[in-house]
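Structure, as structure tokens:
What's counted below: heavy atoms across the whole structure, side chains too, no hydrogens, waters or symmetry copies. Proteins get letters first, then strands, A, B, ... in listed order; numbering begins at 1 in each. Since the structure is predicted, the reported quantities are computational estimates derived from the model, not experimental observations.
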Amino acid sequence: MAQSVKGMRDLFGAELRWFQHIEETARRVFGRHGYGEIRTPILEELDVFKRSVGESSDIVNKEMYQFTDKGGREVVMRPENTAGVVRAAIQHKLLINADPVLLYYIGPQFRYERMQTGRYRQFYQIGAESFGVATPESEAESLLMLHSFLTELGLKHLVFSINSVGTPESRPAFHAAIRAFFAQRADQFCEDCHRRLQSNPLRVLDCKNVKCQQALEGHPILTDHLDEASARHHARLKALLTDLGIPFTEDPRLVRGLDYYTRTAFEVLSSDLGAQSALLGGGRYDGLVKQLGGPDVPAFGWAIGLDRLAMVLQQVRGEAPRQAPALLVPLGERAATEALKLARSLWEAGVALQLETRGGALKKALASANRLGIQTVLILGDGELETGTVAVKHMATGEQETWPLAEVTARLANS
RNA sequence: GCGGCUGUAGCUCAGUUGGUUAGAGUACUGGAUUGUGAUUCCAGAUGUCGCCGGUUCGAGCCCGGUCAGCCGCCCCA
């Protein structure tokens, strides 16, 4: 039997309904914040990711679906969407005037890696990016939007975990501090941390190894090594979040994996998710646009994984809500003709209705309705045709009533 | 990329030291009720035991390989 490629999966049924509900909620919430959608190609030139995500990261090193196309171009199936959005914004000159540019995206991303539950080689992300504003207020706006989004999806107990990773100018001083600290107790850290210390010293801070976390006791604090402007920025964001009543904690060990982050970095944790695993992450990336050949424009954004989010919603809220249409069941050939006509007028009036076209026994139709979760069944037989009515059975209660044909549209529209 | 585990009906799973025709629950189909579901009763159908090879008189069971999934690591969403 043919089956899907490793790490790729088909979405349908109950799980897809959560995806759709999440996407609808995102479009509604983001839209009212003034964000517009952008859809970028799945394929980008290799260079776009090398210059943004960072050559030292595993994403670029070993997790990209990368190949040479028939024209000899080195292309990559995007492993994340921020770089593509930035590339597009530069290419279409969206960032050349003073107005902020607010964009969101929804789409598949690809990483060639070992898979586990909730982690796929084709996965889906929703993200929002704000270009052109460097203020803490713009971050608060973005986080507020994110908070609405998650709250309207029914997630509770959200905690925003924030930190500041400083600027490219202030970071060398911190790197020196962390190296000095590390040197005093180098034997207590794992091999990976020794490697990280060379490639990306910040990442030593969020090693998952318990021993390393213990050894980090008393480590230098990023926010103690900020330049004055970054420190003010960080303090202002915290004050805003406090005023807005958005619960947050400061996590001095929070750093993000991608190279392009500056100042604010954050994650959202949900106790609904069980343990420590973050639901989403993001932050400020002021240098990225320029790095990719655009103007020197600040930016802030975040991305959330739909696969994981859908899984959490399934856990805390159960089955995705579904709107089952009514079912119209004709009995006999003459009724079948009339049923098509009736269904047509109902459809044209915007009523959600499924039509039984198999022509079998009524009990089969009712059994189907029961399986499909249909609440209302309209029955049209000879008796109803004579009197110009339909029999209406409510599946939940088993009760049945009679509606005049002329009232069917209005009554279904109200139910 | 590294380490461990699993794969039997649509789904959840049993299956003895290797032994005849591979089972249960659930779901499904038909009937009891030719115009009334979900409950009940009766009857029925259902499998390349993931795949390929090996050992054996004999393999769902043992061995090798392979594919897929799960868990941990790396990394991240």
Exercise. Could you work out the separation of B/A9 and B/A22 based on their C1' atoms and round it to a whole Å?
Key: 11 Å
Quiz item: Is any side-chain heavy atom of A/Ile22 closer than 4.5 Å to a side-chain heavy atom of A/Leu153?
Solution: yes
Exercise. Starting at atom CZ of A/Phe266, determine the distance to atom P of B/A77, rounded to an integer number of angstrom.
Key: 11 Å
Quiz item: Could you run down nucleotides 65-71 of chain B 5' to 3' and tag each one B, S or - for protein heavy-atom contact under 4.0 Å?
Solution: ---SSBS
Quiz item: Who are the salt bridge (Lys or Arg N to Asp or Glu O under 4.0 Å) partners of A/Arg179, not counting sequence neighbours?
Solution: none
Practice problem: Compare all side-chain heavy atoms of A/Arg87 with those of A/Ser52 and state whether any distance is below 4.5 angstrom. | Solution: no
Exercise. Go through the steps to decide whether A/Thr264 and A/Glu139 satisfy the test side chain to side chain donor-acceptor pair (under 3.5 Å), and finish with yes or no.
Key: CA-CA 9 Å; A/Thr264 306; A/Glu139 296 172 11; 2.7 Å; yes
Quiz prompt | salt bridge (Lys or Arg N to Asp or Glu O under 4.0 Å) partners for A/Glu250, two or more places apart | solution = A/Lys238
Quiz prompt | Nearest-angstrom distance, C1' atom, B/C62 to B/C49 | solution = 15 Å
Practice problem: Figure out the CZ/C1' separation between A/Phe12 and B/G10, and round it to whole Å. | Solution: 11 Å
Quiz item: For RNA chain B, which ranges pair as stems of 3 or more consecutive Watson-Crick or G-U pairs, with both donor-acceptor distances under 3.5 Å?
Solution: B:1-7 with B:67-73, B:10-13 with B:23-26, B:28-32 with B:40-44, B:50-54 with B:62-66
Quiz item: On a whole-Å scale, what distance lies between the C1' atoms belonging to B/U46 and B/G1?
Solution: 42 Å
Practice problem: First locate atom CZ of A/Arg284, then atom OG1 of A/Thr167, and finally report the distance between them rounded to the nearest 0.5 Å. | Solution: 12.5 Å
Quiz prompt | Span that lies between the C1' atom of B/A27 and that of B/U34, in whole angstrom | solution = 26 Å
Exercise. Determine the interatomic distance between P on B/U33 and the same-named atom on B/A38; round to the nearest Å.
Key: 15 Å
Quiz item: Taking only residues two or more places apart in sequence or in another chain, which ones pass salt bridge (Lys or Arg N to Asp or Glu O under 4.0 Å) with A/Glu74?
Solution: none
Quiz item: Centres of the A/Tyr124 and A/Trp18 rings: under 6.0 Å?
Solution: no
Quiz item: Is there side-chain contact between A/Val101 and A/Val297, with heavy atoms separated by less than 4.5 Å?
Solution: no
Quiz item: Do we see a donor-acceptor contact under 3.5 Å between the side chains of A/Ser4 and A/Asp10?
Solution: no
Quiz item: Which whole-number value in Å describes the distance from A/Met64 CE to B/C75 P?
Solution: 17 Å
Quiz item: Reading nucleotides 26-40 of chain B from the 5' end, what letters show protein touch, with B for base, S for backbone sugar-phosphate only, - for no heavy atom under 4.0 Å?
Solution: --SSS----BBBS--
Practice problem: Using the P atom on both, measure B/G3 against B/G65 and round to a whole Å. | Solution: 13 Å
Quiz item: Given the P atoms of B/G19 and B/C63, what is the spacing between them in whole Å?
Solution: 15 Å
Quiz item: Under 3.5 Å, is there an N or O donor on one side and an acceptor on the other linking the side chain of A/Glu113 and the base of B/A77?
Solution: yes
Quiz item: Expressed in angstrom and rounded to an integer, what is the separation of A/Arg111 atom CZ from B/C74 atom C1'?
Solution: 14 Å
Exercise. For the pair A/Glu338 and A/Lys341, evaluate salt bridge (charged side-chain N to carboxylate O under 4.0 Å, His left out) and give the outcome as yes or no after the intermediate values.
Key: CA-CA 5 Å; A/Glu338 292 307 311; A/Lys341 292 180 184 170; 3.7 Å; yes
Self-check item: Candidate pair A/Arg334 and A/Glu386, rule salt bridge (charged side-chain N to carboxylate O under 4.0 Å, His left out), full reasoning
Solution: CA-CA 11 Å; A/Arg334 195 158 67 93; A/Glu386 294 305 320; 3.3 Å; yes
Quiz item: What integer number of Å spans the C1' atoms of B/U6 and B/G50?
Solution: 11 Å
